[in-house]
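To find a chain, count down the sequence lines: A is the first, B the second, and so on, and within it residues start at 1. Quick note: numbers below take in every heavy atom, side chains included, and nothing from hydrogens, waters or symmetry partners.
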Amino acid sequence: MSVEIPKAYEPGQVEEKWFSQWINAKAFHANPSTANEHYSIVIPPPNVTGVLTLGHVLNNTIQDILARRARAEGKEVLWLPGTDHAGIATQSKVEKHLRDSEGQGRRDIGRDSFLERSWEWKEKHGGIIIKQLKKLGCSCDWERERFTMDDDYSKQVQNCFVHFFNSGKIYRGKRMVNWCPSSLTALSDEEVIMKPQQSKLYYMRYEIADREGEFLEIATTRPETLMGDSAVAVNPNDDRYSELIGKKAVRPFPRAEIPIIADEHIDPEFGTGVLKVTPAHDKADFEIGIKNDLEIIDVLNPDGTLNALAGEEFEGIDRFEAREIVSEKLDEMGLLIRVEEYENNVGYSERADVPIEPRISMQWFLNYPKVSESMAAVSDREIKFRPERWAKTYAHWMENIQDWCISRQLWWGHRIPVWYRKDRAEELKSAPSLDKETCGDDLHVSLEPPSDDENWIQDDDVLDTWFSSWLWPFATMDEKTRQKFYPTTDLVTGPDIIFFWVARMIMAGYEFTGQRPFANVFFTSIIRDKKGRKMSKSLGNSPDPLDLIAKYGADALRFSIMRIAPSGTDVRFIENKKKDSDDGTDCPQVEEGRNFANKLWNAARFRQMQGGPEGLCQLPDINNLSIYDIDILSKLDTLTEEINTSYSAYKFQEIANKLYDFFWSEFCDWYLESIKQYFRDDADPDRRETALIVVDTVFSRFLQQLHPYMPHITEELGEKLGFAENGELLMRVCLSEEPVMQVLDSHLVEQAKERTNAIHEATTRARHLKAQYNLAANRNVKFYLHPSVEWAKEELETLKILSGAGEIFVSETYEPSAGTPTFLTPIGKMYMPLEGLVDIEAEKKRITKEIDKAEKDLKQIRGKLSNPKFTERAPAEVVQENLDRKDEFKKKLDQLHEMLQNLS
RNA sequence: GCGCGGGUAGCUCAGCGGUAGAGCAACUGGUUUACACCCAGUUGGUCGGCGGUUCGAUCCCGUCCCCGCGCACCA
C-alpha cells in the first residue's frame, strides 16, 4: 500500500502510465482467431494533417465507450483507426507552405516534386491527431492503423474505379459542374453550401434588332456574364413578349444579335419576365441552351477572371470587379435602368469559402450503384440509424440522387487509373463522352500502367477523397480480419456527413462485399459554442482539447462531454474568460468531470485509510448485513440493470448521469456517511469488516461500470484498492452477469430499503430544522423521538451521525415544554428542545408554511378524488395512491396543527 | 417553399400522461476521523403562446411565434 496519497487527483501522469500499460499488454489488439463474438467499429478517419476538435473528442469518446463496454462483455473487439488524405485540405496547406517559404506555386515545381513535398508534409504533420486520440485514451488497435493512401488501400481505390468503368457506371463527360475558382477544381454537389447574400439586382435593357429605340428589359444579378449571353428568353405564355419571339435582341458588348426565344422555365412574375441566357455560366441556362441549340460562350478563366471572349478590355479582370465595370459601362451606354438591393442565395465552396462558378468541363462521373438496395437497408432497419429520424434525411437524399462528379483537378490523391494512347490523347480527352464502348483499345483503364507506357498519357486528375473513404469499412481489413470483423457493428459519426460518407459507404458495402458495412449508425450531437455557433477553425471558437486535457484530465473531459451531449440535438460548450486573470478560461462543464474524478479519488483514499481486508472478499450472509449495506447493494444491482438497458438504447448521457448520481449521492453522501461510525476505534470489528467488504464490493463493481467513461482513473483506483486480481487490468475484467444481492428472501431487501429511506427522510428533516436555527454545524443538539415504529431504536446511532446530532433520546412519554420545535418523520415525531433559544415566532412561521404546503397538496388531491370521473376512469392503483396520500396529508395536518397550538 | 430538431430554474441540460429534477451560479452556515475540485441548508419554474383530446397534459394532437439544421431555389 502506498504511503501517502495526494488529497487532490492529479490525472497527468496517471493517464500516461495507464495508456502505456494498455499498449504494452496489447490490450487493444483484436485477435481474429478467437471464438468470441465479434464487435467492430471503424473510426471515421480524420484528416491526416488535422488537429483534434471537441467534435472529435465527443465522437471518439463514444466509440471508446462502446469498444470498452464490448470488451467487458467478453467480446473480441476491433476498433480500427486511421486517417484520411483529405485531398483539397492537405493540398492547400502544402501549396500555402510552398508559397510562403519559397514563393512558388505547385506548377512551378511540377507534379512529382509537389507530391514529394506533400508526402514530406504528411510525414511531418500527419499523425498529430493520432497522438491526440491516444491522449484521450482511445483503445484503438493501433497496430492496424490505416491511411487512405497506403499502397494496398490505394490499389483498392483504383480497383474500384476500374470495376465501375468496366461495368459502365463510370463515364467521362462534358457537364456543368461546380467549379471552385480558388482551388481550381470541380466539386461535388455536396461540397457546395448555399449562403444568403446581400446582392444587387441589375435592371438593364437590350435593344430589339431592327426596331431602333425599342428595348427589352432584363433583370440579372450577374451582369458580368453578359458577354456570354447567347439568347434572351421569355415565357411562351407571356402576352407582353409573345410577338417578339423569333426576333433578335442586341447584346451590347461584344455587340451581337442574339435570338429571343421562348422557354417554359421562365417565370413571368420574376423581375421583368425576361431572362438573359448564358449557357456557359448557369445550370438552368445550360439546359435551355442545349434545348434550343444555343451557342455556348465561356467568358471565364478557371480562376474566375474573364477571358478574351469577354472582350479585350475585360481580359484578366476578376469576376466581381468585372461586375462593377459592366454595370458602369451599361450605365454609360444608357442601358442600365436601375439597381436594386436584393438578397439571394449563392453557392460557396465549403472548403475555400469562395462563391463557386457553374462551369462546363470534362469530368468523370459515377452513376451510383446499389441505390435501391441501400435505401431498403435503412428503411427496413437492416442498418439502424440512431436517432432514427436521420433515416428520413438519408431517404430523401437517396431518392433525389444525382451522378457523382468524382474527378478533381488536384495532384494530392489517388490518380485516375486511365491512360490515353498518345496519338489520340487530345482527341479522346475532349470527346463529349468516354466510356468503354466508344474508346476501345485507345483507352487503358487498369490498376497497372500499360506495358509500353511511353506511348500513353495518364489522366491528370485525381479522385474525390470520398471516393476512397467510402471503401473504409472493408478496404482497411485484410482477409483474415474481414472474415472475423466484417460487417462492422457500429459506426459513430456526425450527421453532417450523412451524404458525403455514410450513404456512400452503404452503397459501396453492398457493391463490393454484398453485405451491409455496419449494423448501426450512431449520429452524434454537434458541439457549438456559447452563442450557438458551430465550432470552426476560422471563427477560432473551439478550445484546444489538449489544453482541456492538460488542465482537467482526459477522463474529466470525456465524462463531461458525455454528460452534456444529448442524443440527437446540438450542444453548447461553455468557455468563460476568467474574471481574475487575463489569459485563462474556465470550462464549468469540464470542471464537473474533474470534480467527479476528484470525488472518486477521495472516496478511494478514505477507503484506503481504513485498512482492513485485502482484495475482494465474499459478502457475508444477508442476515449479517445492516439495512444500509443491503440498500446500497440493491441500488448497485439496480444501477447495473439500468445501465444495461441504457446501453442497448445508446443513451450515453443517461448512463453518465446514473453513474454520477449513484456514486456521489447514494454511495458517498448517504452510504459512506452512514457507516463511518463503524470505523471508529471503539466500533465492533465484525461490523467494521462487513462494512469494508460492502464498500469494496460496491466500489469495485462501480469502477467496472464507470471504466468505459473514465478509463484511466478507474484502472488507477482498481489497482490502488487491490481489486485487480494478479495484476490484471481492469479493462480486461468481464462484467459479471450475476446481481450482487443473491437473496431468497426479497422481503428482507424491501424492508431494508424502506427503513433506509425512513432514516434518510428523518435525517433530512432534522437537518432542516437545525439549519433553520443556524445550528447546522452544532454537534451537541439533542433530539427526542416518540417512535412510531418498533425498529427505530436500532438505527438511532446512524440517525445521530447523519443528522449531526449530539444525542437522540427515545421516549414514549417525553413532554416537550411549550414552543419546542417539533417535526414529523416516518419513524415518529421528533423534538428539538432548545432551552431558551427557541424563537417562537420563527417556529410558528415554519410550521405555518408547512401547513400551507400540506393544505395545498391536500386540496389538490381532494379535488381529484371528488371528481367521480376520476375515480371511475383512472386506474385503480392511481386512485388508491391518491387515497393513501390523502390520509397521509390529513394525519400530517392534524399533527402540524397540534404543534402550532402547542406554541401558543 | 419542403422537411427535421429544439424552446423546462439566471446558465448548461434531464424528465416526455398521474406529487416539476440535476449540476453550475446566487444566498446562509460550516476545518464533523476522504474530498473547499468539499459538506449541510435556502432561494429560484403560468415546463414558448393559444386551442383540443383526456378523469388528469411539461409530456399526446392541432395551430401560431421564436432559435438551429438539412434540402430545393427565380435570373
Mind checking [X] for me? I need base, sugar-phosphate or nothing, with any heavy atom below 4.0 Å counting as a touch.
{"X": "R572(A)", "result": "sugar-phosphate"}
{"X": "P495(A)", "result": "nothing"}
{"X": "V571(A)", "result": "sugar-phosphate"}
{"X": "L275(A)", "result": "base"}
{"X": "F889(A)", "result": "nothing"}
{"X": "D669(A)", "result": "sugar-phosphate"}
{"X": "E591(A)", "result": "nothing"}

Do the ring planes of F596(A) and F663(A) sit parallel (below 30°), tilted (30 to 60°) or perpendicular (above 60°)?
perpendicular
Using the ring of each side chain (for Trp, its six-membered ring), is F559(A) parallel, tilted or perpendicular to Y709(A), with breaks at 30° and 60°?
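F559(A) vs Y709(A) ring planes: perpendicular.
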What nucleotide among [options] has an atom nearest to a side-chain atom of [X]?
{"X": "I564(A)", "options": "G68(B), U12(B), A75(B)", "answer": "U12(B)"}
{"X": "F499(A)", "options": "C71(B), C38(B), A34(B)", "answer": "C71(B)"}
{"X": "Y342(A)", "options": "A75(B), G68(B), G41(B)", "answer": "A75(B)"}
{"X": "H768(A)", "options": "G41(B), C37(B), A75(B)", "answer": "G41(B)"}

Writing each nucleotide of RNA chain B 5' to 3' as (, ), [, ], | or . by Watson-Crick or G-U pairing under 3.5 Å yields ((((((((.[[[[.)..(..]]]].(((((.......))))).....[[[[[..)....]]]]])))))))....
Distance-only donor-acceptor test, [X] side-chain atoms vs [N] base atoms, 3.5 Å:
{"X": "K676(A)", "N": "A34(B)", "value": "yes"}
{"X": "K392(A)", "N": "C4(B)", "value": "no"}
{"X": "E673(A)", "N": "A34(B)", "value": "yes"}
{"X": "R885(A)", "N": "U19(B)", "value": "yes"}
{"X": "N345(A)", "N": "C73(B)", "value": "yes"}

Whole-Å [atom1] distance, [N] and [M]:
{"N": "G21(B)", "M": "G29(B)", "atom1": "C1'", "value": "25 Å"}
{"N": "C60(B)", "M": "C16(B)", "atom1": "C1'", "value": "10 Å"}
{"N": "A26(B)", "M": "U63(B)", "atom1": "C1'", "value": "39 Å"}
{"N": "C64(B)", "M": "G7(B)", "atom1": "C1'", "value": "14 Å"}

More than 12 heavy atoms of other groups within 6.0 Å of [X] [atom1]:
{"X": "Q402(A)", "atom1": "CD", "result": "no"}
{"X": "E10(A)", "atom1": "CD", "result": "no"}
{"X": "K800(A)", "atom1": "NZ", "result": "yes"}

Any T393(A) side-chain heavy atom under 4.5 Å of R389(A) side chain:
no
To the nearest Å, give me how far apart CD (E877(A)) and C1' (G17(B)) are.
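Rounded to the whole Å, the gap is 14 Å.
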Starting at atom CZ of R607(A), determine the distance to atom P of U33(B), rounded to an integer number of angstrom.
20 Å
Assign each of K195(A) and F870(A) to its nearest nucleotide of RNA chain B by heavy atoms, then name whichever residue's nucleotide is nearer the 5' end.
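First, find each residue's nearest nucleotide; the 5'-ward one identifies F870(A).
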Nearest-nucleotide 5' precedence on RNA chain B, Q589(A) against N602(A)
Q589(A)
Residues of residues 216-237 of chain A with any non-hydrogen atom less than 4.0 angstrom from an atom of RNA chain B: list those, numerically ordered, please.
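Those residues are A219(A), T220(A), T221(A).
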Check for me whether the distance between the ring centres of F499(A) and W397(A) falls short of 6.0 Å.
yes
